[in-house]
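These notes are about the structure you will find just below.
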Amino acid sequence: MLQNMLVLALSLHLVTISLARGPNAHERKPYIVYMGELRPGAETSAMDDHHNLLSTAIGDEKVARESRIYSYGKSFNGFAARLLPHEVKRLSDEERVVSVFPNTLRQLHTTRSWDFLGMPTALKKRNSIIESNIIVGILDTGIWVQSPSFNDKGYGPIPAKWKGKCVKGANFTSCNRKVIGAKYFNLDASDPDMGNPSPVDNDGHGTHTSSTAAGVHVRGASLYGIAEGTARGGVPSARIAMYKVCWSIGCSDMDLLAGFDEAIADGVDLISVSIAGPSREFFEDPIAIGAFHAMKKGILTSCSAGNDGPYSYTVQNVAPWIMTVAASGIDRQFKTEVNLGSGEKFSGIAINTFTPKKKTYPLTSGAHSVNISGDFYGNASACDYGTLDKNKVKGKIVFCQGSIGPDYTIKELGGAGTIMVLDEETDIAFTTLVPGTFVLPKDGKKIDQYINSAKNPQAVIQKTRTLNISAPFVASFSSRGPQSINLNILKPDIAAPGLDILAAYSTLASVTGDPTDKRHAVFNIISGTSMACPHAAAAAAYVKSFHPDWSPAAIKSALMTTATPMRIEDDNAELGSGSGQINPVQAVHPGLIYNISVSSYASFLCKEGYNGTSLALIFGGKRKHNCSDFKPAQGTDGLNYPTMHAQLLGASSDIFATFHRTVTNMGNGNSVYKAKVTSPRGLSIRVSPATLKFSRLHEQMNFKVVVKGRFKRKGTEQILSALLEWNDSKHSVMNHILIYRPLA
Ligand SMILES: *[C@@H]1O[C@H](CO)[C@@H](O)[C@H](O)[C@H]1NC(C)=O
Ligand SMILES: *[C@@H]1O[C@H](CO)[C@@H](O)[C@H](O)[C@H]1NC(C)=O
Ligand SMILES: *[C@@H]1O[C@H](CO)[C@@H](O)[C@H](O)[C@H]1NC(C)=O
Ligand SMILES: *[C@@H]1O[C@H](CO)[C@@H](O)[C@H](O)[C@H]1NC(C)=O
Ligand SMILES: *[C@@H]1O[C@H](CO)[C@@H](O)[C@H](O)[C@H]1NC(C)=O
Ligand SMILES: *[C@@H]1O[C@H](CO)[C@@H](O)[C@H](O)[C@H]1NC(C)=O
Ligand SMILES: *[C@@H]1O[C@H](CO)[C@@H](O)[C@H](O)[C@H]1NC(C)=O
Ligand SMILES: *[C@@H]1O[C@H](CO)[C@@H](O)[C@H](O)[C@H]1NC(C)=O
């Protein structure tokens, strides 16, 4: 008994690494065997159970022991093991197994933003006491606790509900009352950092996302004086728990699942995951699986939508129980000006931390600096690596066309700076390794002409200034819908700032991540849906601090129906930003909410084709689940989702979709909501009933939306978007409706 307990204790917190040896060792590949919900009381025997299952599949107990990498068993059931193809097949056929999928690597989706969202520093309406009991769990690259953003001065004791731990290691000696927990997972031990592992952040990303969610107020934060202001998280009183699952090679599925398994059991209130990979079926996707079990425990997971925009069908992390977050731009842009000897000046976009030491520098171009014995395949005009002559570049500013990133080459050759030309207009400001800026093609042409005509071309690149611009807008890189896993759930759900965000950084990393970069900063400006995700997680935490008993779906609904619709330049704003920009203050009083119970996810999954056997495992419980036990999901999408979406794939140009919804009154007891529909020509939308009369709080009412119409032409992609607003004159509850037809 005692021995069993010891084994258990070790398996829970230690990352066990076992390399399968034996004749086929080199062919074994890591897989995840997902077995659904834990059976009650099975937590203690999970490891034995996994071992038995594996022994049966492999047919050799010793090899089975060596092949098992890790057992999940705190929040859901499953394990990771090195397997051969026929063993994968055998395990997939097991009745107790939901799915077996290969372990893959996923990637990270790399301050004034809170003022911009209407949450000024002096926000009076805060439940600081409750907020300080909220624990935000973050799965990321680790955390640099020494950052001023994680100063725990004035924080009360760690919330009593906390069951997590602070695992120590290299450069990581303790947590504090702000960062109350930190663990790391590196199950396949394939990372160079593994020699001396710890939850420390060698990258900067995890420190940045953590401080965006819950960093304390730090006055005078800036990157070398750029973007100076007060840096702070959305819920500055909340606590942070870091689960390091990303290493220099990426974030593996096995590690992600281990992070979720522990975070849920440790007692976090929300989870923020700025990581993704290609979309997969829900129960073959570690983030969807982890977020599902979190949802069952009342924990909302916020995830980044991906950085593969502006192209359609690129959105990731699309499971309906996830809050999928797109990146928006805030009302600030980083301008870096270049002045020519001719007196002309051009404004580029970049983050240039360098103040010029001289009034002007000699200016040349890549095309004029060719190394005649250099790399013939490279393009000197674009300053490709290996094409330039050191003697022609040294001490000069070099004009480079085309590629992004010649600043590395210019730095190595001793250049004084670089002017780069973008292919198209961009919104993202990259930090340059040497004095540098990115200019528009039309300005690039003029600069090139000057270089070719002036006797002694000169230029200087100024340090970056900030400029106010009109916002919000969807960032160009932010991944767009529609999604391809579930055709009737609109993703992304919502947008939050993710462009040029100033937040805490790890001084163990350089500002650009380049090893030759000697700049290390306590704050850094980076962009990505990675930065948007913790903003939305913090907004959810803020709502939760007012409504601690709300379900994950209710909190997400409140954020979605109160969001500010995005600037609509084309007619597909929703495919980029879902319901629009988060408005945390408004979300505290949504009026009506669209709630989703755990069992309605089951009927939804039945509709999606998951059978009773799989559902019984995923949902657990004593009852044997069977799809005929559930009321069939109604309508086109079959889930009580705050947006209404249909992708119509057939050849017909007729549009027909129905949406059944149930709203719960969370505003005033007695209230009358009237439906107001804004729809484009060609779409008729009927809401019935069109008036909802509530007489008490928590009362629920059903309504139905019938959408009819015709697509205009055959064969082209078409997007028809409409808005249903429920209004009781005190609350405005916005529901976006989007009908999509792909290119035939
Ligand atoms: C610890 O930090 C130092 C710099 O302070 C760095 O040189 C070293 O590589 C770090 N060690 C690990 C294991 O991260
Ligand atoms: C030109 O390129 C060759 C081959 O890469 C390199 O060895 C040489 O140092 C370069 N010369 C100058 C002056 O940069
Ligand atoms: C080199 O780059 C320039 C600028 O982008 C481009 O105009 C030119 O066509 C390129 N040359 C080759 C050979 O690719
Ligand atoms: C830019 O915006 C900030 C913050 O809203 C404001 O304080 C400042 O005056 C604005 N500057 C300009 C030039 O409009
Ligand atoms: C939503 O549903 C859950 C469970 O189905 C319930 O616990 C919760 O009270 C409901 N309402 C809100 C506002 O979360
Ligand atoms: C349920 O689905 C799983 C996985 O798709 C499949 O292996 C199993 O045979 C199905 N069971 C039934 C009863 O259809
Ligand atoms: C599901 O339930 C129905 C009726 O309750 C029953 O006829 C059917 O056999 C059950 N299916 C399974 C797979 O248990
Ligand atoms: C909807 O409600 C808002 C308050 O949230 C109010 O200002 C607005 O006038 C209402 N709109 C309509 C059309 O009733």
Side-chain angles (χ1 to χ4, degrees), residues 279 305-306 309-320 322-326 328 473-474 478-495 556-557 559-581 594 604 635-650 652-661 675-687 703-712 716-726 733-744:
S279 287
Y311 310 104
S312 51
Y313 291 106
T314 51
V315 63
Q316 302 173 337
N317 290 325
V318 297
I322 286 174
M323 178 161 69
T324 312
V325 190
S328 60
F473 52 92
V474 182
S478 189
S479 285
R480 309 297 207 265
Q483 61 150 312
S484 47
I485 301 289
N486 185 276
L487 304 189
N488 296 315
I489 300 290
L490 181 65
K491 290 283 175 172
D493 291 307
I494 205 156
K556 187 168 112 178
S557 169
L559 286 166
M560 287 170 70
T561 61
T562 58
T564 312
M566 292 293 248
R567 191 160 86 199
I568 300 179
E569 258 144 24
D570 36 325
D571 57 358
N572 65 355
E574 287 94 345
L575 289 180
S577 63
S579 298
Q581 173 92 328
Y594 293 77
F604 166 77
T636 300
D637 52 354
L639 200 62
N640 195 36
Y641 216 73
T643 48
M644 299 166 200
H645 180 46
Q647 289 182 44
L648 302 178
L649 306 180
S652 166
S653 55
D654 288 332
I655 297 168
F656 181 76
T658 59
F659 302 94
H660 292 262
R661 292 292 186 269
K676 185 184 156 206
V677 174
T678 315
S679 68
R681 207 180 289 167
L683 213 55
S684 118
I685 293 175
R686 175 162 290 148
V687 182
F703 67 91
K704 186 167 102 172
V705 176
V706 179
V707 181
K708 287 183 188 167
R710 274 183 88 75
F711 287 117
K712 276 175 283 181
T716 58
E717 180 193 54
Q718 279 173 58
I719 303 161
L720 292 168
S721 76
L723 190 63
L724 160 63
E725 181 188 350
W726 288 108
V733 187
M734 308 279 248
N735 312 270
H736 292 260
I737 301 168
L738 193 84
I739 308 293
Y740 181 84
R741 180 165 80 164
L743 197 71

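All values reported here derive from a predicted model rather than from experimental measurement.
When atom types are taken as modelled, the side chain of Thr561 and the backbone of Met734 share no donor-acceptor pair closer than 3.5 angstrom. One N or O on the side chain of Ser479 and one on the backbone of Thr314 form a donor-acceptor pair closer than 3.5 Å. One N or O on the side chain of Asp493 and one on the backbone of Thr324 form a donor-acceptor pair closer than 3.5 Å.
For the atom pair OG1 of Thr564 and CD of Gln581, the computed distance is 6.5 Å after rounding to the nearest 0.5 Å. Arg661 CZ to Met644 CE: the interatomic distance, rounded to the nearest 0.5 Å, is 4.5 Å. Atom-to-atom distance recorded for Leu738:CG and Thr643:OG1 is 9.0 Å, nearest 0.5 angstrom. Between the CG atom of Leu743 and the OG atom of Ser312 there is a distance of 9.5 Å, given to the nearest 0.5 Å. In this structure, NZ in Lys491 is found 12.0 Å from CD1 in Ile485, a value given to the nearest 0.5 Å. Considering CE of Met323 and CG of Leu559, their distance stands at 5.5 Å, rounded to 0.5 Å.
Between Ser328 and Phe473 there is no side-chain heavy-atom pair separated by less than 4.5 Å. At least one side-chain heavy atom of Leu575 sits under 4.5 Å from a side-chain heavy atom of Pro482. In this structure the side chain of Leu487 never reaches within 4.5 angstrom of the side chain of Leu648, judged on heavy atoms. Counting heavy atoms from C-beta on, the side chains of Leu724 and Phe703 come closer than 4.5 Å. Counting heavy atoms from C-beta on, the side chains of Leu720 and Phe711 come closer than 4.5 Å.
In terms of heavy atoms, Asn488 sits closest to Asp637 at O-CB, 3.3 Å. Closest heavy-atom contact between Lys556 and Pro320: NZ-O, 2.7 Å. Shortest non-hydrogen contact noted between Pro310 and Arg480 is O-CG, 3.5 Å. For the pair Val707 and Phe659, the tightest heavy-atom approach, listed with the atom from each and the gap, is CG2-CE1, 3.9 Å. The two residues Ala722 and Pro680 have their closest heavy-atom pair at CB-CD, 4.1 Å. The two residues Leu490 and Gly578 have their closest heavy-atom pair at CD2-CA, 4.3 Å.
When each of Gln718, Glu717, Gln647 is checked for a side chain to side chain donor-acceptor pair (under 3.5 Å) with Tyr740, only Glu717 meets the rule.
The salt bridge (Lys or Arg N to Asp or Glu O under 4.0 Å) test applied to Arg686 returns no partner, not counting sequence neighbours.
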